[in-house]
Each structure stands twice: as C-alpha cells, then as structure tokens.
Amino acid sequence: MSEVRLRFPPSPTGYLHIGGARTAIYNWLYAKKHGGKLILRIEDTDTERSTDESMSGILDGLNWLGITWDEGPYLQSDYADDHIQAAQKLIRDGHAYKCFCTKEVLDKKREAAIAAKLTYKYDRTCCNLSQEELADREKQDVPYVVRFKVPDSEGAVIFNDKVYGKIEKAYIDIEDFVIVRSNGKPLYLLSNVVDDIRDRISHIIRGQDGLGNTPRQILIYKALGSNIPEFAHMSLTLDPRKAKISKRSHGEVVTVQFYKDHGFLPWALVNFLVLLGWSTADDKEIFSQKELIEAFSLEGLNKANSVFNYHKGDPKFFTDPKALNINAYYLRTMPIEDLTAAVKEEFKSEGLWDEKYDHEKKKWFQTTLDLIRSRFHTVKDFAVMGRAYFADDYSVDQKAVKKNITKYENINEWLGMLAEKFSELQNFSKDEIERVTRELAAELDIKPGILINGCRTIVTGQLAGAGLFDVLEAIGQDRVVNRLKECRY
RNA sequence: GUCCCCGUCGUCUAGCCAGGUCCAGGACACCGGCCUUUCACGCCGGCGACACGGGUUCGAAUCCCGUCGGGGACGCCA
C-alpha cells in the first residue's frame, strides 16, 4: 500500500539532455533512498516525433550514468486502449464530453479573444449541446475531440507540492482541456495519468514546467477515482541568459552524450548535476553513490531555477567550470584501479592501449597515471596532454618551444650532452637522473632550470608537467635518450 | 493578455519554515602568497551577495505588503 514507486517518463524525441538526466537522477535517488522502485516509461504517443534512435539514445545515456531502473522500459503506445477506455469512462461519468467544434472555428474564437484583449477559454459550446444535437452529430459521424469537464463550482484545485508548498488553482482559470484527439488518439495529460495509476506511481518528481499541468491532472485522478500521488516539482536549469536549456539552442553541450564523448566520468556528471538545484545543509558537495542516496532529500531542493554556467566559445572552459572541476577532482582522487579502467577504455578507442598495461606493465601504467593525473580535467587529457608517456607521436607545444628551446642557442648541444650522460647511467632512477642533470648544469655553468625545462619540452612536448625527474624515470631511459638526441620540435 | 512560481557573491548554494549567535558561511571561477625546475595538486589570504521600497519588531536575509526583475504554463506536443 505504501509502496514507493517513481517513474522517469521521457519522450523519445531527442537525446537525453542534462535536464532530463537531472530529473532521472532525483527520481532514482528518491527511489533508492526509500527502498522503492523506479519505472522507466517511454512516452511515445507523439508518433510524429518519436524515433527508435532517440529511445536507444536515452537508454544509453541512463546506462552510462549508472541510473538503473527496476521496471520497464514500458512503451506508452502499448497502452493506448487503457487511455481510451479511461476517456470513455470519464464521458460516461459526466467528467468529459465530446466536442465537435472544428479547429478552424476554435482558432477564430481564439484570435478574436486575443484581438479584443480578452482571455481565451473554450466556451463550452459542445458541453451545452442538447441530447438531440449530440445524437444528431454522432449519427452524422462528425469528428470530435474529448474534453475534460472542469468543475464549474467556485472552488479550486489545491495540492501540497513537496518543494513549492501549497499550490492553488481556481477552477475558473482552467479550461476544459482536450484529452483525446479527433483521430481518436489520447493526449499526454490523460495518458500520463492513466499510466501513472496503472504503474501505481506514488511520487512524481518532475520539472517545474509540469507545475501547470498538475491541477488538471489532479482533476483527472479525482474523476477516475484514484489516489493522488505526491508531487515534487524541481527547479529548472537555465542558460546564463536565463533561457531554458535545449539541444536546439545550445547544441551538444547540453546532451549527456557530449560528456561521455569528452572524457567525463559518469559519476562526476551525476555529482555535478545533482548539485544544480539541490544541496544539503552541511554544504557537502562531493558524494559517493552511497553517500548521495543517504543524503538525498526533497527538502534540499531549491525553488529557484539555477543556471548552467556555460559560455559558448570559452577558450578555457568548454562546459560549466564546476562540472569540470568536479570531474578533475574525481580524476585525481579516485582509486587508481578505477582510473585505470576509465583510461583503458579511452586508450582502446584512441588506439593507445597496450595489452601489457594489464599485465607486466600494469604497475608502471598505474604509477604513471598517478604521476600525471592531478593536472588533468578529463579522461581525454591522458591521451592528449599525457600522450608522450604512452606513444611517440605526441605533438610539441610551440609555446613551450619558444620559452624553453629557441630562447637558448646552444640548447640542442646541451640536450645532446644530457642524452649522452643519461645513456651512460646504469641505474636510470630519478635520483641518478637528477644528479647527472645538475652536474651537467654546473659544468656548463647554467641554471639547472634551463636543462630541466628544455628537456621537458622535448621529451613530453608539454610546457608544464610533473617533476621532471619522475617524468623521465617514467618514460624510461631509451625513449628519453632517443628523444633528446632527435630533439624534435 | 490570463494563471502559477521564483528572487542571497559572476555561477552553484547555506542560512529563511521556529527573527538576535549573519556588518551573511561554503564551493567553483578570479586575484595574491607559500611550496617548486615548470604547471597542477595542497595550504594560506583576498575580491565578491541578502533586487528595491515600505511595514511589524528592542532587533529582519529571515515575518507582512507593494514595486521591479526573472522563469514557467496557457496546443487536437510531451
């Protein structure tokens, strides 16, 4: 009876975007926290716009994020009969009626109302039809839609939203809304409620843009004689100009796929997203899955919309800086085994993976990842900025060349001498490398930094990086010596 | 136009329900310092907000009213 059941009901008309993912996450968290179930339902009743491709994209996105569901995916279109039967029941019980008004006539009335600066609301022409008029039209097979008959008493729909508190909407402000199209297909407002009743949904957590639908849906629940679930509306995610985010106007950066493609750790994205409009009183921001489920509460949901701080074309941040920061945080603090797995996947797709990293070179691989991870923001960085550790086809940063190489006319010669010294080393260890490097600097009477930074530039292609002696030890004697001799830039 | 909702640093937010401990705390970003061969990490410090106006009160970010600002919904879309 008091079973906790939530649902995530995306419509398959596009990829999973971060707003949808956030909704899914909250529902999932609530279900987990209360030992409930999460039902995945694909609301595909808009056959015009629904595609299979979109559906699998959404499923992929959820899977990648680690958002698991307990039932489904159910397809709303499979239950069209239920919806129609519900509509018929509503008509029988006097809660709905057939409306024969044509779209054209309605459009005219609407335009006239707007022109006269009046509020347009369906005038109930067909609700007031006499028995004969109704029978007449039915006999002539005049197409009709089904409209819900909103109570015409004084009252209001009142409900207590878990986030927004008491919400009140007067009946008079609600139009007799259409629940079945003239082609016989049910509409969202109806289908959604009928499905939620059948799926025994106890809690509905959805975006604040659904707040306006709630009073109408509650009317349907009541008319159908069903229990009304708890509602919790969550704030929306806006762009810096305060517009609702959408793939249409913001592109890939608002899709979950984008983050998968750009080296995000799924949990880091979840962690970032959950913070957009939710928080705990103790200001904790980094959560393990277990901690998050434990900490999650509807009370932490913020009523005010939040902005996804993304600026197109920002040279430094390709997405919200906080998202990047959280990803980088996980990258440098996660267990090395987990990091290894993430990098392995990336390397495989980049053709950088070596099976030895799983066997005889495993220790080396992990030590190296650990050496370089604190500077990286995404998993991609390991294959790009960290490329020189794993392959020879790394590119050399020209800024580094300018600063550390071309500035010194004898640098090639010096680095050649360094290569010579390195090649003579019996034990190519960090201490030995350092000793020899400093010795050469002393012989040459130059600052060690010149050798160190020049060496880094040539051997790693990077302007900055971990302590050079650790770097050289990691890259190894042969490769270091060769690269210094070749001195490619 | 009608209805609904919201309004604390640039951004995410704590505090608001149960007014004083808040000349407002944390995180990200930014700036400076320490560390250092570089960069990052780490540590230390700085910048930076209660939308505005009334009221209630000994006392208001917190309660009330108004103004302004923002968002959402008003489809035979979901």
Side-chain angles (χ1 to χ4, degrees), chain A residues 9-13 43-46 48-50 76 99 102-103 106 110 113-114 116-121 143-147 161 163-165 167-170 172-175 177-183 185 187-189 191-192 207-216 233 235-236 238 240 242-244 272 275-286 300 302-310 316-317 320-326 328-329 332-333 372-376 400 403-404 434 437-438 441 447-453 455-457 462-469:
Chain A
S11 62
T13 55
E43 303 212 324
D44 59 348
T45 40
D46 182 356
E48 299 279 307
R49 298 193 302 150
S50 298
Q76 185 163 67
C99 171
T102 63
K103 204 170 178 10
L106 259 21
R110 191 194 319 266
I114 292 168
K117 299 209 169 184
L118 294 170
T119 303
Y120 175 75
K121 210 176 107 185
Y144 63 88
V145 297
V146 178
R147 283 183 186 273
D161 187 270
V163 175
Y164 288 93
I167 304 286
E168 218 173 323
K169 177 91 171 179
I172 193 146
D173 290 320
I174 308 175
E175 169 178 68
F177 52 97
V178 177
I179 54 178
V180 180
R181 291 178 169 102
S182 56
N183 66 3
K185 303 275 193 201
L187 250 8
Y188 166 77
L189 248 12
S191 308
N192 185 254
Q208 194 237 72
D209 47 358
L211 202 50
N213 289 329
T214 310
R216 289 180 292 175
H233 286 86
S235 60
L236 266 20
L238 274 20
K242 300 284 168 72
K244 211 168 129 179
F272 166 72
L275 256 19
L276 232 40
W278 175 85
S279 61
T280 56
D282 64 2
D283 283 326
K284 186 174 165 69
E285 296 199 309
I286 298 292
N302 194 165
K303 292 193 240 192
N305 293 337
S306 55
V307 349
F308 172 60
N309 198 17
Y310 151 75
K316 196 165 175 191
F317 303 106
D320 190 308
K322 192 144 188 167
L324 249 7
N325 176 275
I326 290 174
Y329 174 83
R332 67 176 181 265
T333 57
I372 59 184
R373 75 209 287 208
S374 76
R375 262 153 285 258
F376 295 165
K403 188 175 172 197
N404 300 322
E434 176 162 11
T437 306
R438 292 194 187 281
K447 282 195 285 191
I450 295 175
L451 250 25
I452 289 169
N453 292 318
C455 185
R456 186 202 319 282
T457 301
Q462 298 287 308
L463 178 61
L468 184 77
F469 310 116

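Here is how names work: the chains are called A, B, and so on, in the same order as the sequence lines, proteins then strands, and each is numbered from 1.
- Rounded to an integer number of Å, the gap from CG of A:Asp283 to C1' of B:C9 is 14 Å.
- The phosphate of B:U11 (OP1 or OP2) has no side-chain N or O of A:Asn325 nearer than 4.0 angstrom.
- B:G59 sits 33 Å from B:U13 when the P atoms are compared, rounded to a whole Å.
- Note on A:Gly210: nothing from the nucleic acid sits closer than 4.0 angstrom, heavy atoms only.
- Within 4.0 Å of A:Ser182, counting heavy atoms only, lies at least one base atom of the nucleic acid.
- The residue A:Phe317 sits close only to the backbone: its heavy atoms come under 4.0 Å of sugar-phosphate atoms, none of a base.
- Look at the P atom in both B:C76 and B:A29: the space between them is 48 Å, to the nearest Å.
- A:Asn213 comes within 4.0 angstrom of a base, heavy atoms only.
- Between B:A49 and B:U8, the distance separating the two C1' atoms is 6 Å to the nearest Å.
- The A:Lys244 side chain lies nearest to B:G72 when the options are B:G72, B:A78, B:C28.
- For the P atom pair drawn from B:U37 and B:G45, the interatomic distance equals 25 Å after rounding to whole Å.
- Atom CG of A:Asp44 is separated from atom P of B:C77 by 15 Å (rounded to the nearest Å).
- Here, B:G20 and B:U56 have their C1' atoms 16 Å apart, quoted to the whole Å.
- Judged by atom type and distance alone, A:Arg375 reaches the base of B:C39 through a side-chain donor-acceptor pair under 3.5 Å.
- Proximity of A:Arg216 to the phosphate of B:A73: no side-chain N or O atom is located under 4.0 Å from OP1 or OP2.
- Using modelled atom types, one side-chain atom of A:Asp161 and one backbone atom of A:His233 make a donor-acceptor pair closer than 3.5 Å.
- With P as the reference atom, B:C39 and B:G53 are 47 Å apart, rounded to whole Å.
- Between the NZ atom of A:Lys103 and the P atom of B:C77 there is a distance of 7 Å, rounded to whole Å.
- When distances are taken from the side chain of A:Leu211 to each of B:C76, B:G71, B:C5, the shortest belongs to B:C5.
- Ion pair A:Lys121/A:Asp173 not flagged as a salt bridge, since none of the NZ, NE, NH1 or NH2 atoms sits closer than 4.0 Å to an Asp/Glu carboxylate oxygen.
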Show the numbers, then the answer: is there a side chain to side chain contact (heavy atoms under 4.5 Å, CB included) between A:Leu276 and A:Trp278?
CA-CA 6 Å; A:Leu276 232 40; A:Trp278 175 85; over 6 Å; no
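- Position along RNA chain B of the nearest nucleotide to A:Ala281 versus A:Asp173 favours A:Asp173 as the more 5'-ward residue.
- Each of B:G26, B:G1, B:A78 was ranked by its minimum atom distance to the side chain of A:Lys322; first place goes to B:G26.
- Across all strands, A:Ile167 comes closer than 4.0 Å only to sugar-phosphate atoms, never to a base (heavy-atom distances).
- Look at CZ on A:Phe469: it is 9 Å from P on B:U37, rounded to the nearest Å.
- Within the 3.5 Å criterion, the main-chain N or O of A:Gly210 finds a donor-acceptor partner in the side chain of A:Thr214.
- Picking from B:U37, B:G71, B:C76 the nucleotide with the shortest atom distance to the side chain of A:Leu468 gives B:U37.
- In this model, the phosphate group of B:A78 is approached by a side-chain N or O of A:Thr45 to a distance below 4.0 Å at OP1 or OP2.
- For A:Arg456, no side-chain nitrogen or oxygen approaches OP1 or OP2 of B:A40 to under 4.0 Å.
- Of the possible polar contacts, one joining the A:Arg456 side chain to the A:Ala466 backbone as a donor-acceptor pair under 3.5 Å is found.
- Between A:Arg438 atom CZ and B:U37 atom C1' the separation is 7 Å, expressed in whole Å.
- Rounded to a whole Å, the CG atom of A:Asn404 is 10 Å from the C1' atom of B:U37.
- Taking the P atom of each, B:A51 and B:G15 are spaced 16 Å apart, rounded to whole Å.
- Considering only side-chain N and O atoms, A:Thr13 lies nowhere under 4.0 angstrom from the phosphate OP1 or OP2 of B:A78.
- Counting non-hydrogen atoms under 4.0 angstrom, A:Val178 reaches the backbone sugars and phosphates but no base.
- Between A:Asp282 atom CG and B:G26 atom P there is a gap of 14 Å when expressed in whole angstrom units.
- In terms of phosphate contacts, A:Arg373 brings no side-chain nitrogen or oxygen within less than 4.0 Å of OP1 or OP2 of B:A40.
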What verdict does the side chain to side chain contact (heavy atoms under 4.5 Å, CB included) test give for A:Cys99 and A:Val178, after you've listed the backbone C-alpha separation in whole Å, the side-chain angles of each residue and the deciding distance to 0.1 Å?
CA-CA 9 Å; A:Cys99 171; A:Val178 177; over 6 Å; no
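- Under 3.5 Å, the side chains of A:Asn404 and A:Thr457 contain a donor-acceptor pair of N or O atoms.
- Side-chain to base pairing of A:Ser374 with B:C41: no donor and acceptor N or O lie closer than 3.5 Å to each other.
- At a threshold of 4.5 Å between non-hydrogen side-chain atoms, the residues A:Lys403 and A:Leu463 count as touching.
- A:Ile114 comes within 4.0 angstrom of no nucleic acid atom, judged by non-hydrogen atoms across all strands.
- Look at A:Lys316 and you'll find a side-chain N or O under 4.0 angstrom from OP1 or OP2 of B:C30.
- No side-chain N or O of A:Glu43 forms a donor-acceptor pair with one of A:Ser11 less than 3.5 Å apart.
- Among the protein residues, A:Gln462 comes within range of no part of the nucleic acid, since none of its heavy atoms lies under 4.0 Å from any strand.
- In terms of modelled atom types and a separation under 3.5 Å, the side chain of A:Tyr164 and the main chain of A:Lys303 share a donor-acceptor contact.
- Listed nucleotides B:A78, B:A73, B:U37 differ in distance to A:Arg181; the shortest reach to its side chain belongs to B:A78.
- Taking atom CD1 on A:Ile450 and atom C1' on B:U37, their separation rounds to 11 Å, with Å as the unit.
- Of all nucleotides present, none satisfies the Watson-Crick or G-U wobble test against B:A18 with each distance under 3.5 Å.
- Across all strands shown, B:A49 forms no Watson-Crick or G-U wobble pair with both distances under 3.5 Å.
- Residue contacts for A:Ala466: at a heavy-atom cut-off of 4.0 Å it reaches a base atom on one of the strands shown.
- Across all strands shown, B:G72 is found opposite B:C3 as a Watson-Crick or G-U wobble partner, with both distances under 3.5 Å.
- Residue contacts for A:Pro448: at a heavy-atom cut-off of 4.0 Å it reaches no nucleic acid atom on any strand shown.
- To the nearest whole angstrom, the two C1' atoms, one in B:C47 and one in B:C52, are 25 Å apart.
- In this structure, the nucleotide among B:U37, B:C5, B:G1 sitting nearest to the side chain of A:Thr119 is B:G1.
- Within the structure, every side-chain polar atom (N or O) of A:Lys303 is placed at least 4.0 Å from both OP1 and OP2 of B:G70.
- Nearest-nucleotide positions on RNA chain B place A:Ser306 closer to the 5' end than the other of A:Ser306 and A:Lys242.
- Nucleic acid contact class of A:Glu43 (heavy atoms, under 4.0 Å, all strands): sugar-phosphate only.
- Considering only the side chain of A:Glu285, B:A27 comes nearest among B:A14, B:A27, B:G42.
- Remark: B:G42 base-pairs with B:C34; criterion is Watson-Crick or G-U wobble with both hydrogen-bond distances under 3.5 Å.
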